[in-house]
2 protein chains.
Amino acid sequence: MEEHRKRPGRTPAPAGRTSRPRQAEVARLAGVSQATVSLVLSPKPDAKGRVISEETRLRVLEAARSLGYVPDPAARRLAAARNNLLGVFSFTATFPTEVQHSYYPFLVGVECEAAALGYDLVLFTGSSSGGAGAAGPDALSRVRLADGCLFLGRHTPRAELKRLVEDGFPVVHLGRREELEGLAWVGADYVEATREVISNLAGLGHRRIVLVREDDDAPASADRQRGFLEGLEAAGLASGPTAVFRSADPQRDLTPERLRAWVGEGVTAFVAEETDTGAAWRGLLSAVGETGLDCPGEVSLALLGNPPADLAGEPEPTGFDIPRPQLGAAAVRLLAALVAGEEAREPLVSCVFRPGLTAGPPRARA
Amino acid sequence: MEEHRKRPGRTPAPAGRTSRPRQAEVARLAGVSQATVSLVLSPKPDAKGRVISEETRLRVLEAARSLGYVPDPAARRLAAARNNLLGVFSFTATFPTEVQHSYYPFLVGVECEAAALGYDLVLFTGSSSGGAGAAGPDALSRVRLADGCLFLGRHTPRAELKRLVEDGFPVVHLGRREELEGLAWVGADYVEATREVISNLAGLGHRRIVLVREDDDAPASADRQRGFLEGLEAAGLASGPTAVFRSADPQRDLTPERLRAWVGEGVTAFVAEETDTGAAWRGLLSAVGETGLDCPGEVSLALLGNPPADLAGEPEPTGFDIPRPQLGAAAVRLLAALVAGEEAREPLVSCVFRPGLTAGPPRARA
DNA sequence: CGCATTACGTAATACGCATTAACGAGCGTC
DNA sequence: GACGCTCGTTAATGCGTATTACGTAATGCG
């Protein structure tokens, strides 16, 4: 196991160039002790009394710079300090091949905010491809290398996550997740955003609206449904038993006949939730297409979220934008606060209403 | 700085429940030494001689399981003298807001291959000022925290990179980069791919072809031009002085008149290089559009690379696909080999010809 | 039965850094 | 000049694990 070790034994740095410099080498170059180097390089705000003279300080800094010294994150962490690393852990590949279901938009915000706060990011891989930590309980525990960790994706192993939280390891979950006591999370305000969309449709004159959702118990779905119902109520509209269409496979179950039946009953607007696959929205679109109904004219459609990337060419759907970069940034802020030992809380992030082109006033009833 | 440490001082585990168990505790429960626990829990394939008896092995495993022992990654990496981290350094944000010019496709391959090889990724951002090194020239030295580092982007500071290479720090540059002695890199074979496109056009019957390129001296551009000229020669076609149209702003300089003139001279096909902005291709497309020439019919077009994301709706261009994920994967493989001390070399990655819809046989000359 | 082997374990140590008790040197003070 | 005192620095130690150099008991062999 030692074959790759460039440094032979205990001698600080004989061969020199092949290995990263250690504090000991910086110390030798600066003519001080390793402890002094540590003191100089560890920004201690509460420097009570014990300070290093400006002269040695500069000497050490110069030596460190010229050697290109960088602290070893593992050692730093082991010695009970921080290493300026925030972990990002996702349970599917972070950069999936399929365009759908990508964490990219979140990462835009995560990277930006992390940089602003002075953190680098560690991307823990292998969660899906079974590489590094294959499976097993260790897969998740690798994140302890970082000061804290951000979790993406809805299907997080409860037990492992719970363990991290209980151990006091700073963890933030991206997406509402209340079933786990003490788990910090950030989320978007789907309830309010959906309410706003419904309110808008009602304002256009729609009286009967149907929500198309998938058969998933994720909080994100539940929130939209709640916002939908609240929106109906606020607009003084009835929410009959048929107002919510829930299906495990909307693209199969949402038939043109079904659609025609609704329209025949007086339904003039449909809203679909956004999910990884966009199945609800796709199902709605194709059903409308097959029935030959004119979209803004005969039926209004709204998407509770952003359209999948491969539908970028389609007309812009009415609905709301999920501010994913802001969500990512908020998550990082929260995580950084936890790492710093603060008792922070991030409020729900608001979604932005998107007028779009798929909704308009309903056609006058015959 | 010690506030978060649950374990008071040297006692192995007095308070018990607040902290994760260590090997020492497992050892105590199993009635063996810490070293034995380590030996049992560290899968050593080449267990030459030194073996633990099956009985104690099971006892230790049982103890570990019952305590919920999980190894501390920081300690593990410290003891192993490497940290299983590969750096990714880009000089613009790794996740840019603009869709164009994104490293995303590369990262798909990087993440996947890193996972397969058992590495985690550290993302460094050029602008971030975190960690030990302040901003400025030291920014680059932060990458030493990883076992090796991948560099993206054409505008890498030469001096700093040189320093890393000279120090023997494993570095791989994504994209051909030969001007720096000893710098490892991986690249796509633009020469061959371009040659193939030209050969294909010649096969269709085209006799006069013009290359539209931007005014950039990047290797990627030079390679395409070289492949273009070689392709012409191989097909027995003349490459007059007007065969290459080089412009700093093709969208401005590539006027409809210009295009008409070429067509009048007998040019029947145009190829454009791909760049971050896609300016050459955009210029070509808009000029053709304005002149009202029918694309596969009257002129053939080819794109030496992938179209920008915002042109996804357009008909698929003839040309070649740059296998970005494979490039990323190849870079990671090379980097991993360097980290392991091997003297590896990755060949150029081949691009894949894309038939597309924008090229066809030339219309018979009048 | 004596000695060489082998099989199993363990003590000791290193890994790189942070932290803290202790130490030496300057410097007044009476 | 012995004493306290502050300031700057260092020696020593611990963090949790991997590894190596040794023991010790069991076994093999003539």
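Computed over heavy atoms, backbone and side chain alike; hydrogens, waters and symmetry mates excluded. Residue numbers begin at 1 in each chain, while the letters A, B, ... track the order of the sequences.
As a whole-Å value, the separation of A/L145 CG from D/dG16 C1' is 14 Å. Straight-line distance from the CZ atom of B/R77 to the C1' atom of D/dC15: 17 Å, rounded to whole Å. Separating the CG atom of B/L41 from the P atom of D/dA18 is a distance of 8 Å, rounded to the nearest angstrom. At whole-Å resolution of the value, CZ in A/R76 and C1' in D/dG14 are 17 Å apart. Regarding A/Y69, its OH atom lies at a distance of 7 Å from the C1' atom of C/dC17, rounded to whole Å. As rounded to whole Å, 17 Å separates atom C1' of D/dT10 from atom CZ of A/R28. Rounded to whole Å, atom P of C/dC15 lies 17 Å from atom CG of B/D147. Remark: P of D/dG16 and CG of A/D167 are 12 Å apart, rounded to the nearest angstrom.
Sequence order on DNA chain C of the closest nucleotides to B/A75 and B/A35 puts B/A35 first from the 5' end. The residue among B/E54 and A/Q34 whose nearest nucleotide of DNA chain C lies closer to the 5′ end is B/E54.
Contact annotation: B/S42 does not reach the phosphate of D/dT17 (side-chain N/O to OP1 or OP2, under 4.0 Å).
Fit an axis to the five pairs at each end of the helix from C/dC1-D/dG30 to C/dC30-D/dG1 and the two axes sit 60° apart, to the nearest 10 degrees.
Within the nucleic acid shown, A/T36 comes within 4.0 Å of at least one base atom, counting heavy atoms only. Using a 4.0 Å heavy-atom criterion, one finds that B/S38 contacts the bases of the nucleic acid, with or without backbone contacts as well. Nucleic acid contact class of A/V37 (heavy atoms, under 4.0 Å, all strands): none.
By the side chain to side chain donor-acceptor pair (under 3.5 Å) test, B/S66 pairs with no residue at all, sequence neighbours left out. Every residue two or more places apart in sequence or in another chain was checked for a side chain to side chain donor-acceptor pair (under 3.5 Å) with B/Q326, and none qualifies. Not counting sequence neighbours, the partners of A/E178 by the side chain to side chain donor-acceptor pair (under 3.5 Å) test are A/R176. A search for side chain to side chain donor-acceptor pair (under 3.5 Å) contacts involving A/E54 returns A/R57, not counting sequence neighbours.
Residues A/Y119 and A/A336 come closest through the heavy atom pair CE1-CB, 3.9 Å.
Of the candidate nucleotides C/dT10, D/dC15, C/dC17, C/dT10 has the atom nearest to the side chain of B/V32. Counting only heavy atoms from C-beta on, A/D72 has its side chain closest to C/dG16 among D/dT17, C/dT19, C/dG16. The nucleotide whose nearest atom lies closest to any side-chain atom of A/S33 is, among C/dT20, D/dA11, D/dG16, D/dA11.
The shortest distance between side-chain heavy atoms of B/L123 and A/E111 does not fall below 4.5 Å.
Judged as a salt bridge (charged side-chain N to carboxylate O under 4.0 Å, His left out), not a single pair has a partner in residues 30-39 of chain B (not counting sequence neighbours).
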